[in-house]
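One structure is given below, encoded as structure tokens.
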Amino acid sequence: MRIEVGKRQKLTVIKKVDFGVYLAPGEGSEERVLLPAKQVPAGCSEGDRLEVFVYRDSKDRLISTTARPALCVGEVAALTVAQTGKVGAFLSWGLEKDLFLPFREQTMQVKAGDSFPVALYVDKSGRLCATMKIYHYLRTDSPYKKDDRVTGYIYEISRQFGAFVAVDDQFSALIPPREMYGQLQTGDRIEARVTAVHEDGKLDLSVRDKAWMMIGKDAERVMEEIGRCGGALPFNDKAAPELIRERMQMSKNEFKRAVGHLLKEGRVEITENGIRRK
């Protein structure tokens with residue numbers, strides 16, 4: 001057994017000193033780490049087993065604490081930026097020393113007060129750092145099923161794959177391109193509907209409700225756009241899907257359903273080149 005940086009572990013008290021106690025994985029181990037006096041539980045004696053978190057202090061020395069940080073190595077949690085500097089940002093995570101988020105591990109510009117999910121890793125020099133590139137750290141054992149409502153954080157957007165989402169800041173999910181409606185941006189917190197749960201546990205999401213639930217909302221959106229265009233849209237339901245998605249933020253089928261709903265209510269009429277309000 002070895003002392004592991006960035007993890008909670010049970011270690012044995014092997015020596016008491018004025019400024020704390022030294023801990024080791026077990027008797028005879030050459031590895032040891034200091035637990036400062038202010039962290040030592042009352043009545044602690046040599047041979048006791050203590051659960052601690054091991055990290056490096058401001059002088060890069062290995063040290064332990066009984067405090068519980070927001071995450072351990074390999075885990076993901078939402079943290080808040082305490083301050084930014086010339087080399088990156090520093091995040092509050094429950095320890096005296098803030099957690100370093102290097103510029104190279106940022107997926108967007110961050111500022112003090114911003115909150116977002118990050119993963120914890122050990123860099124090449126043995127220091128604990130945060131990364132916003134969390135895809136490979138997210139869990140795939142979510143409790144959600146199809147049509148459940150979820151909330152999540154968009155941490156990356158790809159033209160090819162869609163918007164990558166951390167549901168509950170810990171579960172892997174994707175909004176496919178066909179479900180990319182509105183002005184979705186990296187850093188947005190969204191509410192969405194689960195459209196599929198894959199065999200590997202990853203989720204597909206949509207920011208829109210089921211079609212029959214959206215008809216009324218989509219119809220009103222069409223009427224609003226007609227109003228903005230002076231009473232007539234310059235295209236109808238035969239327009240290219242790309243044009244409809246760009247202008248209306250809905251698919252061609254959704255647009256046709258909305259227009260059909262308005263026609264049935266007698267609120268619009270379709271012309272050769274557009275849709276006009278009655």
Side-chain angles (χ1 to χ4, degrees), residues 6 69-81 89 91-93 99 101-102 104-111 113-121 129-215 217-218 221 241-242 244-246 248-254:
L71 72 173
C72 294
V73 165
E75 295 178 348
V76 178
L79 302 183
T80 300
V81 179
L91 314 177
S92 300
W93 66 316
L99 179 61
L101 172 63
R104 66 179 179 275
E105 298 298 332
Q106 297 178 20
T107 58
M108 65 178 190
Q109 187 174 4
V110 304
K111 62 183 185 301
D114 286 349
S115 295
F116 42 81
V118 296
L120 183 66
Y121 72 99
C129 295
T131 178
M132 296 174 72
K133 301 171 184 177
I134 58 177
Y135 178 81
H136 295 291
Y137 296 93
L138 292 173
R139 293 166 53 186
T140 56
D141 59 344
S142 86
Y144 298 113
K145 58 185 183 300
K146 186 178 179 182
D147 293 330
D148 281 350
R149 302 294 301 185
V150 298
T151 57
Y153 176 90
I154 297 178
Y155 63 90
E156 185 178 348
I157 292 180
S158 162
R159 288 186 178 182
Q160 180 180 1
F161 299 109
F164 292 91
V165 180
V167 169
D168 297 341
D169 296 326
Q170 58 182 319
F171 300 116
S172 182
L174 176 72
I175 302 175
R178 66 180 180 278
E179 298 293 346
M180 292 279 288
Y181 298 102
Q183 301 301 314
L184 299 179
Q185 297 179 346
T186 301
D188 285 350
R189 287 200 174 273
I190 58 151
E191 183 175 323
R193 174 175 59 90
V194 177
T195 59
V197 180
H198 295 281
E199 289 186 4
D200 61 5
K202 295 175 182 176
L203 308 174
D204 275 357
L205 307 178
S206 173
V207 292
R208 291 172 60 84
D209 287 320
K210 286 187 173 181
W212 64 268
M213 298 176 65
M214 291 298 299
I215 290 177
K217 293 180 181 178
D218 288 344
R221 185 177 183 84
E242 295 77 16
I244 293 173
R245 182 178 289 274
E246 180 182 350
M248 304 303 304
Q249 299 299 317
M250 61 183 75
S251 70
K252 184 167 183 174
N253 285 337
E254 291 161 345

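Only a predicted model underlies this, so the values are computations on that prediction, with no experimental measurement involved.
Taking CD1 from Ile154 and CD from Gln185, the interatomic distance works out to 9.0 Å, rounded to the nearest 0.5 Å. Atom CG of Leu174 is separated from atom NZ of Lys202 by 9.5 Å, given to the nearest 0.5 angstrom. One finds the NZ atom of Lys146 at 8.0 Å from the CZ atom of Arg193 (value rounded to the nearest 0.5 Å). One finds the CG atom of Leu99 at 7.0 Å from the CG atom of Leu71 (value rounded to the nearest 0.5 Å). For the atom pair CG of Asp188 and CD1 of Ile157, the computed distance is 7.0 Å after rounding to the nearest 0.5 Å. Atom CG of Leu120 sits about 8.0 Å away from atom CD of Glu75, to the nearest 0.5 Å.
Contact between Lys133 and Arg104 at its shortest, heavy atoms only, is NZ-O, 2.8 Å. The two residues Ser172 and Thr140 have their closest heavy-atom pair at CB-CG2, 4.3 Å. Minimum interatomic distance between Tyr137 and Gly74 (heavy atoms only, all atoms of both residues): CD2-O, 3.8 Å. Shortest non-hydrogen contact noted between Pro143 and Asp148 is O-OD2, 4.5 Å.
Residues passing the salt bridge (Lys or Arg N to Asp or Glu O under 4.0 Å) test with Asp169, sequence neighbours excluded: Arg189. Scored by the side chain to side chain donor-acceptor pair (under 3.5 Å) test, Asp141 finds Arg139 as partners (sequence neighbours excluded). In this structure Val81 satisfies the side-chain contact (heavy atoms from CB on, under 4.5 Å) test together with Thr84, Ala89, Leu91, Val110, Asp114, Phe116, sequence neighbours excluded. Every residue two or more places apart in sequence or in another chain that forms a side-chain contact (heavy atoms from CB on, under 4.5 Å) with Cys129 is listed here: Phe100, Pro102, Tyr121, Asp123. Under the side-chain contact (heavy atoms from CB on, under 4.5 Å) criterion, Thr80 pairs with Ser115, sequence neighbours left out. With sequence neighbours left out, the side chain to side chain donor-acceptor pair (under 3.5 Å) criterion links Tyr153 to no other residue. By the ring pair (Phe, Tyr, Trp, His ring centres under 6.0 Å) test, Phe164 is found to be paired with Tyr135, residues two or more places apart in sequence or in another chain being considered. Listed by chain and number, the residues in a side chain to side chain donor-acceptor pair (under 3.5 Å) with Thr131 are Glu105 (sequence neighbours excluded). The salt bridge (Lys or Arg N to Asp or Glu O under 4.0 Å) check on Glu191 picks up Arg149, with sequence neighbours excluded.
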Legend entry - Chi angles and distances behind the side-chain contact (heavy atoms from CB on, under 4.5 Å) call for Leu205, Glu179: CA-CA 8 Å; Leu205 307 178; Glu179 298 293 346; over 6 Å; no
Inset, instruction - Check the pair Asp204 / His198 against side-chain contact (heavy atoms from CB on, under 4.5 Å), numbers first and verdict last. - result: CA-CA 8 Å; Asp204 275 357; His198 295 281; 3.0 Å; yes
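Each of Ile190, Val165, Asp168, Val167 was evaluated against Thr151; a single residue qualifies, Asp168, per the side chain to side chain contact (heavy atoms under 4.5 Å, CB included) test.
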